[in-house]
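Below is one structure, written out as structure tokens, with a few remarks after it.
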Amino acid sequence: MTAMSFVFIPFTFIFNDVASIYVYLQIMLALLILWIIFKKKDPNGKCKLTQEEEAELISKWQPFPLVKPAPKSHRGYDKRVTEGKIGKYINVNGINCLNLSSHDFLGLNEEKIIESSAIESIRKYGIGSCGPRGFFGTVDVHLELEERLAKFMDLEEAVVYAYGFSTISSAIPAYAKRGDVIFVDEEVNFAIQKGLDASRSEIKYFKHNDMKDLEELLLKQAQLDSKNTKKAARTRRFLVIEGIYMKTGRLCNLPELVSLSKKYKLRIFVDESISFGTLGKNGKGVTEHFNIPVTDVDLIMTSLEMAAASVGGFCVGSSFIVEHQRLSGLGYCFSASLPPLLTTAAIKALDILENRHELIDELQNVCCTFHQYLLKSDIIMNCFTLIGDDISPIKHLRLRNNGNNVQDLGSIISKCEHMNLAITDTAYLDIEKKTPIPSIKLAINRLLTNDDLIRVINILEKAVC
Amino acid sequence: MTLNNISSNETAKNIKIKKRITNGIINEDKNGLSNCETAKSCPKPILNGTVPKNKKEGSSKVALFTAMKTYVKFHILMFLDYINQIFSRKVVPEKQRKLPTQNGTAHNVKVSKESFEQPALHTALMTYLGFYILMFLGYINQFFFAPKVAREKNREGYVPLYDNFEKFYLWYVYRRVRDCWNRPITSVPGAMVTVKERVTPDYGWTFVFTGREIPSLNLGSYNYLGFAESHSKCADDSIDTLHKYGWATCSSRHELGTNNLHVELEQLTARFLGVEAAITFGMGFATNSLNLPTLVSDGCLVMSDEKNHASLILGLRLSGALIRVFKHNNMKHLEKLLREAIVNGQPKTGKPWEKILIVVEGVYSMEGSIVKLPEVIALKKMYKAYLYVDEAHSIGALGPHGRGVVDYWGCDPQDIDVFMGTFTKSFGSAGGYIAGSKELIDHIRVHSHAACYASSMSPPVAQQIITSMKIIMGEDGTNEGINRIRQLKHNTRYFRKRLHQMGVIIYGNEDSPVVPLLVYLFSKIGGVVRGLAARKIATVGVGFPATPLMEGRIRFCLSAAHTKEQLDYALEQIDDIANELGLKYSQKPRCPRPIIYGSDDDLDATD
């Protein structure tokens, strides 16, 4: 208490010494300033309404309905329901089909060893983790998976998320904030688009895989920066790309992107959802494929829901970068952690990736062979354009005529289904950044044999006729 | 999943709040949405480049200094606490004490007994002072020692990736209590949990596992109904499903990721909630953040409770709607904002709003409070707004049938436009759902980001929910579900009453299984968590920036799996620590009679 009075005594002295009229003047002035400030903030600046007028306004107001009536028929209504295991074959609506629709490229869904370890995991940890990573949701298998992933990618640290979509959409806004600039390929997937939205940075799209366009944008940015160097010193610059683009099946031009990034000091974030486990000799993704040191890339973001055949996702990079997400990745901090059984499944998948390099070779062979088969088939090529690189496990078939695209695709797909081939057209929402062109998405599985591929081509040819 | 506010969170919004606080502007707008601009324009509080680089680490001089510093700091904190205790005994006269704030509101259905007792003024002062000392020591620390963290390589000339203040807070303030979070477990998060012991040789920079595994009483996991089990009907069913369906679908709902388990689960969920339809997603956080943008957009107004979870805030931010934040569970403030909004229309143009959505949670996971649903429904009807209820923590845990906050208040499910919830907590699984009218669910099926692009729910995870939900509904032919619900309720009442009697301040509703125990001072959060860990009780602490600076707290999550004996043990230990650290801040009269377990059964006609 005595300390308190010491603080207050000088104030009283001040008040005694100065003429009181001066103090009052000061207070009046301050009030006036406050009044001016608050007057401006008043929303409409109109005179106040009476209670009755307010009540009338409120009773008159009619809101829009919460939702507009949804279309009568849509793919979202569970028209194609599967049953049982998903692997090389899939049971769609009771028909056993060859599976060219699931993103399980390496066929790990059929590995017995993963199944048995997942069961062991249930017996040890139960199903859910019942908490976020901060609050007793960190199970030892999460730490093991993170350590293994970092080691596999030859990087310092990895961080595991509970959902593939949230991995990518949380990682980007953890670094990029308002005022930063992000250069993005216009064909990036929807998760990246949402991440960009959440970052509130300035987004600059360049044409798909067009390095010249990107360089032009970078030059423009450099000119802007030279005008305002103070601002430029605070503006972080990022480049967000995909290893293999989900929407086109094309590889990114990583060597050139890396050299541009070095030149213009961009930090590269690569979404390797498709390329992880499918590209490179050991399945390390697009950096290994192009033989580029993995440290040239700042952050690798990957879903575990594709080649790794589990659920969740991870980011991997140097500790300096990745560690930050443990406190800033929204989807990491505020979400329950990945169920232990799925974590164990991912660890086992990693075991297989590490010990059986031949799987990746096999997959790449199947992808390239199938690509050739598609190109060779005149009937298919008359009807479709094939989009995507030969090595990519995702291939898009776009109809050549621009007529009634979606319905035509639908009838082709259902014909295929009756001939025991499960394929799907790519699902898009109409709020995509760049209006997508409808296409059939073919996801290649390692387990497909040469005969299977020929069968697929035959079925597709029949369906098209 | 609505696990609100992890204390360790350095989210963008938290950083902003922090910045404001360092600038002397204390603003408790937790959503941090309306004030982003002001936060951004605040000057940076620290000088750039004061971190000396490459200081020798581990030299004896440095070690000596660290020791001295720790010693001094410890004494300052002790001294403060001492003063604090003197004040709490003598200085505050009886008449100045604030009356206990009982926010009890009468209803035709139920009376909500919720309490948010305010501490005495000097406790608040001490908390601020304690925090400033921590910050001050942090600055000194930063001046003399280089942090033991990774530095960026090969990126010379790049714009620095992080804010200086962000890193400062992380390295010199949060690091001191870093050991209280992210403690790895190695068992089922049931009533007991096995925690891996770890020690830090260097004051929180790094951790080393000792190899010991400590079985602890689990008061930290959201296992409300105790379905986190490894050997039970749920686990057996899930294993069967794993054999039949595998563990991953590797496709989205719009492509080929729907299997018959998803269809069954959605029908069951709709039946459980008493609504027409439901849709499920693979992750609870994503359920909020990826579906809210389909409901509101530019030209819509959202009334969001200030304690809403990060996933809701993210979803609303992505939607582009204007967000107004109302004070936590404060219906008067909500009404005022609603009136103003309708009368004034959209800012600038003055056009009427397209729609107004009120977003609330069932149980607020950091406050332990329960939404005043009947009043919200009345307001919603009066002002023609729509209502979105996030039942992440309340589904399963509240109500005589475990059907969440609607069941608890006895409201009509038709009055709620959008039900949202997660399966992570009461069902011991993962994922989330949205339920409501068929029209709404059809809309979400078609437009949801998660249904279109994110992979669907893993089959064994879905099976766990189906089995546990059937048990709760009594469809397995036993009383197990209802017994679990009753056990949780008894545990909650008993535990809360005993804590009240002890004289500590706890927040929230008497029926909420989330029990925040207020410790106020930042350093006490660490003290209590460590103390309880040493006594083999696993709890979590939450402090600034996840809570207001003033309100550091320890949070207990109760479970139907806890027995009375386990709770008694926990209470005994908490009492011990409360005496040791001086946590008995409550000025309310204490119940002199011994609390009897399960005694208020007959008081509730609904039970």
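These numbers come from a predicted model, not from an experiment. Chain naming here is simple, since letters A, B, ... match the order of the sequence lines and numbering starts at 1 in each.
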message = Please tell me whether A/E305 and A/Y163 have a donor and an acceptor in their side chains that are separated by less than 3.5 angstrom.
response = no
query = Using a cut-off of under 4.5 Å for heavy-atom pairs, which of A/D296, A/L57, A/I127 has the most such pairs with chain B?
reply = A/I127
key: Proximal component of B/L314, with respect to chain A [non-hydrogen, under 4.5 Å]   = side chain
key: Contact class of A/E144 relative to chain B, heavy atoms under 4.5 angstrom   = neither
inquiry  = Under 3.5 Å, is there a donor on one side chain and an acceptor on the other for B/R253 and B/S456?
reply    = no
inquiry  = Taking side chain as everything from C-beta outward and backbone as N, CA, C, O, which of these in B/T249 sits under 4.5 Å from a heavy atom of chain A? Side chain, backbone, both or neither.
reply    = both
ask   = Under 30°, 30 to 60°, or over 60°: which ring-plane class applies to A/Y332 and A/Y161, parallel, tilted or perpendicular?
value = perpendicular
task = Against chain A, label B/V296 side chain, backbone, both or neither, depending on which of its atoms sit under 4.5 Å from a heavy atom there.
result = neither
ask   = Measuring heavy-atom distances to chain B, does A/E56 have an atom under 4.5 Å in its side chain, in its backbone, in both, or in neither?
value = neither
task = Using non-hydrogen atoms and a 4.5 Å limit, figure out which bit of A/Y264 sits close to chain B: side chain, backbone, both or neither.
result = neither
task = Could you look at B/I444 and say if it's the side chain, the backbone, both or neither that has a heavy atom under 4.5 Å from chain A?
result = neither
message = Below 4.5 Å, heavy-atom pairs only: which of A/P65, A/G84, A/A308 has the largest tally toward chain B?
response = A/G84
query = Strictly by modelled atom types, are A/T424 and A/S101 linked by a side-chain donor-acceptor pair under 3.5 Å?
reply = no
query = If you tally heavy-atom pairs under 4.5 Å against chain A, which of B/Q464, B/H449, B/E439 wins?
reply = B/H449
key: For A/E120, all residues meeting salt bridge (Lys or Arg N to Asp or Glu O under 4.0 Å), sequence neighbours excluded   = none
key: Between A/F190 and B/Y453, ring centroids under 6.0 Å   = yes
task = Could you tell me which portion of B/V461 (side chain, backbone, both or neither) has an atom closer than 4.5 angstrom to a non-hydrogen atom of chain A?
result = both
ask   = Hey, which of A/R123, A/E157, A/H142, A/R75 has the most heavy atom pairs under 4.5 Å with chain B?
value = A/R123
Residue part contacting chain B, namely of A/F165, when any heavy atom lies under 4.5 Å = side chain
Contact origin within B/H262 toward chain A - heavy atom pairs under 4.5 Å = neither
inquiry  = With chain A as the partner, which of B/T539, B/N218, B/I279 has the greatest number of non-hydrogen pairs under 4.5 Å?
reply    = B/T539
Contacting region of A/V141 [heavy-atom separation from chain B under 4.5 Å] = neither
inquiry  = Does any backbone or side-chain atom of B/Y386 lie under 4.5 Å from a heavy atom of chain A? Answer side chain, backbone, both or neither.
reply    = side chain
task = Indicate whether the side chain of A/D180 and that of A/T235 have a donor and an acceptor atom separated by less than 3.5 Å.
result = no
ask   = What part of A/A232 is in contact with chain B, defined as an atom under 4.5 angstrom from a non-hydrogen atom: side chain, backbone, both or neither?
value = backbone
request  = Determine, stepwise, if the pair A/D78 / B/R445 fulfils salt bridge (Lys or Arg N to Asp or Glu O under 4.0 Å).
outcome  = CA-CA 9 Å; A/D78 297 339; B/R445 272 186 205 287; 3.5 Å; yes
ask   = Is the backbone of A/I58 close enough, under 3.5 Å, to the side chain of B/K384 for a donor and an acceptor to pair up by distance?
value = yes
remark   = Residue from A/C130, A/G128, A/G76 scoring the most non-hydrogen pairs under 4.5 Å with chain B is A/C130
message = I'd like to know which of B/P160, B/C250, B/C180, B/A248 tops the heavy-atom pair count under 4.5 Å against chain A.
response = B/C250
inquiry  = Just to verify, what does A/E110 make a salt bridge (Lys or Arg N to Asp or Glu O under 4.0 Å) with, not counting sequence neighbours?
reply    = none
query = Under a 4.5 Å heavy-atom cut-off, does chain B meet the side chain of A/A198, its backbone, both or neither?
reply = both
inquiry  = Using a 6.0 Å distance limit plus a 45 degree cone around the ring axis, check whether B/K196 lies over the aromatic ring of B/F209.
reply    = yes
query = Between B/E229 and chain A, which part of the residue has a heavy atom less than 4.5 Å away: side chain, backbone, both or neither?
reply = backbone
inquiry  = If I measure from the heavy atoms of chain A, does B/A454 come under 4.5 Å with its side chain, its backbone, both, or neither?
reply    = both
query = Relative to chain A, which of B/I441, B/V446, B/L338, B/V540 shows the most heavy atom pairs under 4.5 Å?
reply = B/V446
query = How are the rings of B/F285 and B/H309 set relative to one another: parallel (under 30°), tilted (30 to 60°) or perpendicular (over 60°)?
reply = perpendicular
key: Atom group of A/S102 that falls short of 4.5 Å from chain B, counting heavy atoms   = both
message = Can you confirm whether the side chains of A/K68 and B/H447 place a donor and an acceptor under 3.5 Å from each other?
response = no
ask   = Can you find a side-chain donor-acceptor pair between B/Y383 and B/R339 that sits under 3.5 Å?
value = yes
ask   = Hey, are B/Y245 and A/N109 close enough side-chain-wise for a donor-acceptor pair under 3.5 Å?
value = no
query = Has the side chain of B/W181 got a donor or acceptor atom that lies under 3.5 Å from a matching backbone atom of B/V542?
reply = no
message = Quick check on A/S303 against chain B: is it the side chain, the backbone, both or neither that has a heavy atom closer than 4.5 Å?
response = neither
inquiry  = Counting heavy-atom pairs under 4.5 Å with chain B, which one of A/I122, A/L66, A/L338, A/D298 comes out on top?
reply    = A/L66
Contact origin within A/S337 toward chain B - heavy atom pairs under 4.5 Å = neither
query = So which part of A/L143 gets closer than 4.5 Å to some heavy atom of chain B, the side chain, the backbone, both or neither?
reply = side chain
ask   = How are the rings of A/F135 and B/Y222 set relative to one another: parallel (under 30°), tilted (30 to 60°) or perpendicular (over 60°)?
value = perpendicular
query = Of the backbone (N, CA, C, O) and the side chain (C-beta and beyond), which part of A/S169 lies under 4.5 Å from a heavy atom of chain B, both, or neither?
reply = neither
task = Give, as side chain, backbone, both or neither, the part of B/E266 having an atom under 4.5 angstrom from any heavy atom of chain A.
result = side chain
task = Indicate the ring-plane relationship of B/F423 and B/F427, choosing parallel, tilted or perpendicular according to the 30° and 60° boundaries.
result = perpendicular
task = Identify which part of B/S289 has an atom lying under 4.5 Å from any heavy atom of chain A, answering side chain, backbone, both or neither.
result = neither
ask   = Is there a donor-acceptor contact under 3.5 Å from the side chain of A/T82 to the main chain of A/V92?
value = no
note = Highest number of heavy-atom pairs under 4.5 Å with chain B among A/I119, A/N99, A/D430 belongs to A/I119
